[in-house]
Amino acid sequence: MKLSNYYLPTLREVPADAEIPSHQLMLRAGMIRSLSAGIYSYLPLGYRVIRKVEQIVREEMDRSGALEVLMPAMQIADIWKESGRWEEFGPLMVRFKDRNEREYCLGPTHEEVIADIVRDEVRSYKDLPFNLYQIQTKVRDEIRPRFGLMRAKEFIMKDAYTLDRDEEGLDKAYQNMYDAYVRVFERCGLDTRVVEADSGAMGGSGSHEFMVLADSGEDDLAFCTDCDYAANVERAEAGLEISSSGASASAADNDPAADEAAAIEKVHTPDATTIEDLVNMIEVSPKKMIKTMAYVADDKPVVALIRGDDQLNEVKFRNHLGAIELRPAHPDEFPERFGSVAGFIGPVDLPEDIKIVADSRIQELEQAVTGANQKDYHLVNVNPHRDIKEIEAFTELRTVQAGDPCPKCGGALEIKSGIEVGHIFKLGTKYSSSMEATYLDENGREQPIVMGSYGIGVTRVAAAAVEQHHDERGIVWPLPLAPYQVIILPLGNSSEVSQAAEELYQELQDAGLEVLLDDRDERAGVKFNDAELIGIPLRITIGSRSLEKEEFEVQIRRSGEEFNIDRSTASAEIKKLLEEEIE
RNA sequence: CGGGCUGUGGCGCAGUUUGGUAGCGCACCUGCUUUGGGAGCAGGGGGUCCUCGGUUCAAAUCCGAGCAGCCCGACCA
């Protein structure tokens, strides 16, 4: 394509609204424009990248035996009510009514539609297994869209669904998709890690996320420095810690004198509503404090007990409770529902209807500090086993931190941030059961189809690629995702130069390469800067200076390397350079 | 949904404290010169100053309400 007839609105300055590199650069490179927060148009250059990602995904899905379909973006509420997710999805789903007051949503995902498609047609075990996928725009009313394509309200996703007879079939299908995903991200030139994940609202038994490591990532990931353990911190568990306080706690249990020596005391702690305030006021280590986190789970009051220096992991808490809706209690709710005041709530003598769940680390605490359920007072010398009678369970509720022991090998965990570009789930029979998608097995018995679901955020992959591949001059596309492979810059206005450029352009195009010709009437600096900003892997400069010697100048975007090539062998040389660039 | 910041030409911003009829850089158009890393000179076009209401002789500026965008948090396949 010739830039003189292209729509490439590059920006010299960084748009004020964009925070992270991929957002800034995609705007500056004229790839995307936003219509509203989290809603984007993909301009010609940007859409080419999207299509490159789609094509790689498509090829690998096809290779894995999956079949491409296209499902409706507009879905009826009925199927969501059947699966129970009409309520569960909450405000994340964009809903509307047609002229007849019939309820619809814009598909945030397609498990229900898949179940509907197959339930009427799949009758026998002989019809299974198979795998359907689509590449389509998904719509989710994100609470807070941000970071450009990274978290948008409308985004392109590849979603695949496997349908199997049993768990064994699902395991195979899951592994097949896992392998396909590894190939997809490798081909995209992305450095990804696979981590164990929480399956969240999707339900199901097993789940892995494919993560691109990047500082701007919204997910925290725990990696073991010694073994291959890797998990999203939402799910990551810490191994057992052999601590001295743990040992002494059991000793204390056997020593009634120790308990007596440490009777509960109420201390005046005016305005100390945070752990930090308390540390300053009574000089106790946060490790000796019990944080009491008040939540409302499906409209019932619950509290989580966490050591003062730990963070509550809401996913673990929610999973333990089996709750659908879990939210922090609002301060206004404290007096009535928790019999206390925000900032001073504690587990000792709470109203009886409140469920108490404690992190396993609470078990080994003694002479701890916690809220007194009375404004401006805390309790000291609290021993959980003696003083908190209604603890429903001790379980791991805390978020793992760097340095925590690995659950697999005991080595130290480290925390890195990552961008979730793919997520695979073993759904099991959650949707097939509720929506009656069944088949008859060899014995003529009706069985629910066993499903898996597999997503790749296509637009997010493009953004993640920019996060991982850019420098101070702009984007540095990995060759497989580059919108064009080569850009030719004729400099000056001599007809020899433009003729040579035109010839090379034709030659490269005939050779099947994707080529841009910057034939705009712009100064050299403008052309150089734009070429580097949009990140084309190979830049060919043609100017009278080198043309006199029958040479073209090459710059490799990634390395910055520059050298000359002979005009006569240019196109063969360029092809060779591109092949090398793939490796 | 809570906290903070911001809305002035396509982009980046000043002007708001102290009210007086809108400005700078970039981009854009015309001409001349220039032409290998975001050109120079001259001339020119473009703005409901987010919206609505109020105060005032007079509002970008003061007051009230609303809307939008961004950041932090909450939340979120």
Side-chain angles (χ1 to χ4, degrees), chain A residues 9-20 23-24 27-28 30 33-39 85 88-93 107-112 138-148 150-153 155 157-159 197-204 207-210 218-219 232 234 293 295-296 311-312 314-315 318 325-332 342 420-425 427 453-457 460 473-474 489-494 497 518 520-533 539 541-548 552-553 555 560 562:
Chain A
T10 57
L11 302 175
R12 190 177 296 195
E13 290 177 275
V14 179
D17 289 349
E19 185 87 347
I20 62 168
H23 190 193
Q24 295 177 345
L27 285 169
R28 287 190 53 210
R33 284 294 181 267
S34 81
L35 179 64
S36 157
I39 303 180
R85 290 207 293 181
E88 208 178 306
F89 248 85
L92 187 63
M93 197 149 63
T109 177
H110 283 70
E111 281 78 11
E112 280 78 1
K138 296 281 188 281
V139 178
R140 294 180 190 179
D141 187 3
E142 291 286 345
I143 290 178
R144 192 179 156 201
R146 59 180 148 180
F147 299 151
M150 209 64 93
R151 176 169 296 272
K153 280 188 170 171
F155 58 98
M157 174 167 161
K158 186 285 307 178
D159 46 324
D198 183 79
S199 47
M202 301 291 287
S207 166
H208 286 90
E209 287 168 330
F210 291 74
E218 293 187 89
D219 287 276
N232 194 311
E234 285 181 349
M293 317 270 296
Y295 276 77
V296 177
Q311 297 293 319
L312 174 66
E314 289 192 6
V315 174
R318 181 197 310 268
E325 195 212 345
L326 179 71
R327 62 173 175 84
H330 192 273
D332 299 345
E420 180 189 352
V421 288
H423 200 159
I424 57 179
F425 302 86
L427 293 179
S453 109
Y454 314 86
I456 290 179
R460 192 182 272 183
R473 293 174 167 275
L489 306 193
L491 300 185
N493 49 11
S494 92
V497 166
D518 193 349
R520 295 174 302 173
D521 182 20
E522 288 287 357
R523 303 178 70 82
V526 174
K527 294 188 181 186
F528 285 137
N529 283 310
D530 274 349
E532 283 157 4
L533 175 61
R539 185 183 84 192
T541 306
I542 302 179
S544 40
R545 197 197 280 169
S546 51
L547 193 60
E548 275 177 18
F552 298 155
E553 300 157 44
Q555 185 216 46
E562 298 189 32

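To find a chain, count down the sequence lines: A is the first, B the second, and so on, and within it residues start at 1.
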Original post:
Is it true that A:E111 and A:R85 have a side-chain N and a carboxylate O under 4.0 angstrom from each other?
Top reply: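 A salt bridge links A:E111 with A:R85.
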**OP:** For B:rU30, give its Watson-Crick or G-U wobble partner with both distances under 3.5 Å, or none.
**Re:** B:rA42
Subject >> Nucleotide nearest A:Q555 (side chain, heavy atoms from C-beta), chosen from B:rU35, B:rG37, B:rC75 >> reply: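 It is B:rG37.
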Original post:
When you measure from the side chain of A:R33 to the backbone N and O of A:P9, does any donor-acceptor pair fall under 3.5 Å?
Top reply: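 Answer holds: yes.
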**OP:** Between B:rU35, B:rG38, B:rG12, spot the one nearest the side chain of A:N493, thanks.
**Re:** B:rU35
Subject >> Among B:rC75, B:rG37, B:rG38, the one nearest A:Y295 by side-chain distance >> reply: B:rC75
Original post:
Under 4.0 angstrom, heavy atoms only, what part of the nucleic acid is A:R318 near: base, sugar-phosphate, or nothing?
Top reply: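 The answer is sugar-phosphate, as A:R318 gets under 4.0 Å only of primed atoms, P, OP1 or OP2.
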Original post:
Across the strands shown, which category fits A:R33 at heavy-atom distances under 4.0 angstrom: base, sugar-phosphate, nothing?
Top reply: nothing
Original post:
Are A:R144 and B:rC71 close enough that a side-chain N or O sits under 4.0 Å from OP1 or OP2?
Top reply: yes
Original post:
Applying a 3.5 Å limit to both distances, which nucleotide forms a Watson-Crick or G-U wobble pair with B:rG73?
Top reply: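 With both distances under 3.5 Å, B:rG73 matches B:rC1.
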**OP:** Starting from the 5' end of RNA chain B, give me the residue, A:D521 or A:F155, whose nearest nucleotide shows up first.
**Re:**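 The answer here is A:D521.
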Subject >> No-H, no-angle donor-acceptor pair, A:R520 side chain to B:rG38 base, under 3.5 Å >> reply: no
**OP:** In whole angstrom, give me the gap between the P atoms of B:rA59 and B:rG66.
**Re:** 24 Å
Subject >> A:F147 side chain reached by A:E218 side chain, heavy atoms, under 4.5 Å >> reply: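 In short, these two side chains touch, coming nearer than 4.5 Å.
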**OP:** For the side chain of A:E562, starting at C-beta, report the closest nucleotide among B:rC76, B:rG69, B:rG37.
**Re:** B:rG37
**OP:** Could you let me know what B:rC62 is paired to, Watson-Crick or G-U wobble, both distances under 3.5 Å, or none if it's on its own?
**Re:**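 Base partner found: B:rG54.
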**OP:** State, with a plain yes or no, whether a side-chain heavy atom of A:I542 is found less than 4.5 Å away from one of A:L547.
**Re:** yes
Original post:
Looking only at heavy atoms, what is the nearest atom pair of A:L427 and A:S453, with distance?
Top reply: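 Heavy atoms of A:L427 and A:S453 come nearest at CD1-CB, 3.6 Å.
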Original post:
What does A:F147 touch in the nucleic acid at a heavy-atom separation under 4.0 angstrom: a base, only the sugar-phosphate, or nothing?
Top reply: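 Sugar-phosphate contact only - A:F147 comes under 4.0 Å of backbone atoms but never of a base.
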Original post:
Hey, is the side chain of A:R523 poking within less than 4.0 Å of OP1 or OP2 on B:rU35, counting only N and O atoms?
Top reply: no
Subject >> Atom-pair distance (CZ on A:R473; C1' on B:rG38), nearest Å >> reply: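 The distance from CZ of A:R473 to C1' of B:rG38 comes to 11 Å, rounded to the nearest Å.
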Subject >> Value in whole Å for how far the P atom of B:rU35 lies from CZ of A:R545 >> reply: 13 Å
**OP:** Measure distances between side-chain N and O atoms of A:E13 and base N and O atoms of B:rG25, and say whether any donor-acceptor pair falls under 3.5 Å.
**Re:**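 Answer yes: a donor N or O sits under 3.5 Å from an acceptor.
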**OP:** Tell me which of A:H23 and A:R151 sits closer to the 5' end of RNA chain B, going by the nucleotide each one is nearest to.
**Re:** A:H23
**OP:** Specify the separation, in whole Å, of atom CG of A:L489 and atom C1' of B:rG38.
**Re:** 13 Å
Subject >> Identity of whatever pairs with B:rA68 - Watson-Crick or G-U, under 3.5 angstrom >> reply: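 Its partner is B:rU6 (Watson-Crick or G-U wobble, both distances under 3.5 Å).
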Original post:
With rounding to whole Å, what would you report as the distance between B:rU16 and B:rG53 at their P atoms?
Top reply: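 So the two P atoms sit 26 Å from each other.
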**OP:** Would you check, one step at a time, whether the test side-chain contact (heavy atoms from CB on, under 4.5 Å) holds for A:K138 with A:H110?
**Re:** CA-CA 9 Å; A:K138 296 281 188 281; A:H110 283 70; 3.4 Å; yes
Subject >> Pairwise P distance for B:rG45 and B:rC29, with rounding to whole Å >> reply: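 Taking atom P in both B:rG45 and B:rC29, they lie 15 Å apart.
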Subject >> Whole-Å C1' distance, B:rG69 and B:rG31 >> reply: 41 Å
**OP:** Counting Watson-Crick and G-U wobble pairs only, both distances under 3.5 Å, name the nucleotide matched with B:rG36, or none.
**Re:** none
Original post:
So, A:R460 side chain and A:E420 main chain: donor-acceptor pair closer than 3.5 Å or not?
Top reply: yes
Original post:
If you measure from the C1' atom in B:rG47 to the same atom in B:rG15, how many Å do you get, rounded?
Top reply: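 One C1' to the other, the span is 15 Å.
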Subject >> Under-4.0 Å side-chain N/O to phosphate OP1/OP2 contact, A:S36 with B:rG69 >> reply: yes
Original post:
CD1 of A:I143 versus C1' of B:rC76: gap in Å, rounded?
Top reply: 5 Å
Subject >> Touch class at under 4.0 angstrom, heavy-atom based, for A:S546 against every strand present >> reply: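 Base contact.
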Subject >> Integer-rounded Å distance: B:rG37 P and A:R539 CZ >> reply: 11 Å
Original post:
Can you tell me how far C1' in B:rG19 sits from the matching atom in B:rG3, rounded to whole Å?
Top reply: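 Comparing C1' positions in B:rG19 and B:rG3 gives a spacing of 32 Å.
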Original post:
So, A:E522 side chain and A:K527 main chain: donor-acceptor pair closer than 3.5 Å or not?
Top reply: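 No.
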Original post:
Does A:R539 pair with A:E532 as a salt bridge, N-O distance under 4.0 Å?
Top reply: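 Result for this pair is yes, salt bridge flagged.
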**OP:** Report the base-pairing partner of B:rG12 (Watson-Crick or G-U wobble, both distances below 3.5 angstrom), or none.
**Re:**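 Paired with B:rC24.
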Original post:
From B:rC72, B:rC13, B:rU35, pick the nucleotide closest to the side chain of A:R146?
Top reply: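 My answer, after comparing the listed nucleotides, is B:rC72.
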**OP:** Would you indicate which nucleotide in B:rG69, B:rG37, B:rG12 comes nearest to any side-chain atom of A:D17?
**Re:** B:rG69
Original post:
With rounding to whole Å, what would you report as the distance between B:rA58 and B:rA22 at their C1' atoms?
Top reply: 15 Å
Subject >> Span that lies between the C1' atom of B:rG44 and that of B:rU48, in whole angstrom >> reply: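 It works out to 23 Å between them.
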Original post:
For the base of B:rG37, is there a side-chain donor-acceptor partner from A:E532 under 3.5 Å away?
Top reply: yes
Original post:
What nucleic acid atoms does A:L11 come within less than 4.0 Å of, heavy atoms only: base, sugar-phosphate, or nothing?
Top reply: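 Here A:L11 touches no strand at all.
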Original post:
Taking CD from A:E234 and C1' from B:rC75, how many angstroms apart are they, rounded to a whole number?
Top reply: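 So the two atoms are 11 Å apart, to the nearest Å.
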Subject >> Per A:R12 side chain, nearest of listed nucleotides B:rA27, B:rC70, B:rG36 >> reply: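 Nearest nucleotide to the side chain: B:rA27.
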**OP:** Grab the CD-C1' distance between A:E218 and B:rC75 for me, whole Å please.
**Re:**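 From A:E218 CD to B:rC75 C1': 12 Å.
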**OP:** Return the value, rounded to whole Å, for the distance between atom CG of A:D530 and atom P of B:rA27.
**Re:**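 In whole Å, B:rA27 P and A:D530 CG are 12 Å from each other.
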Original post:
Considering only B:rG36, B:rG69, B:rC11, which nucleotide approaches the side chain of A:A37 most closely?
Top reply: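 Closest nucleotide to the A:A37 side chain: B:rG69.
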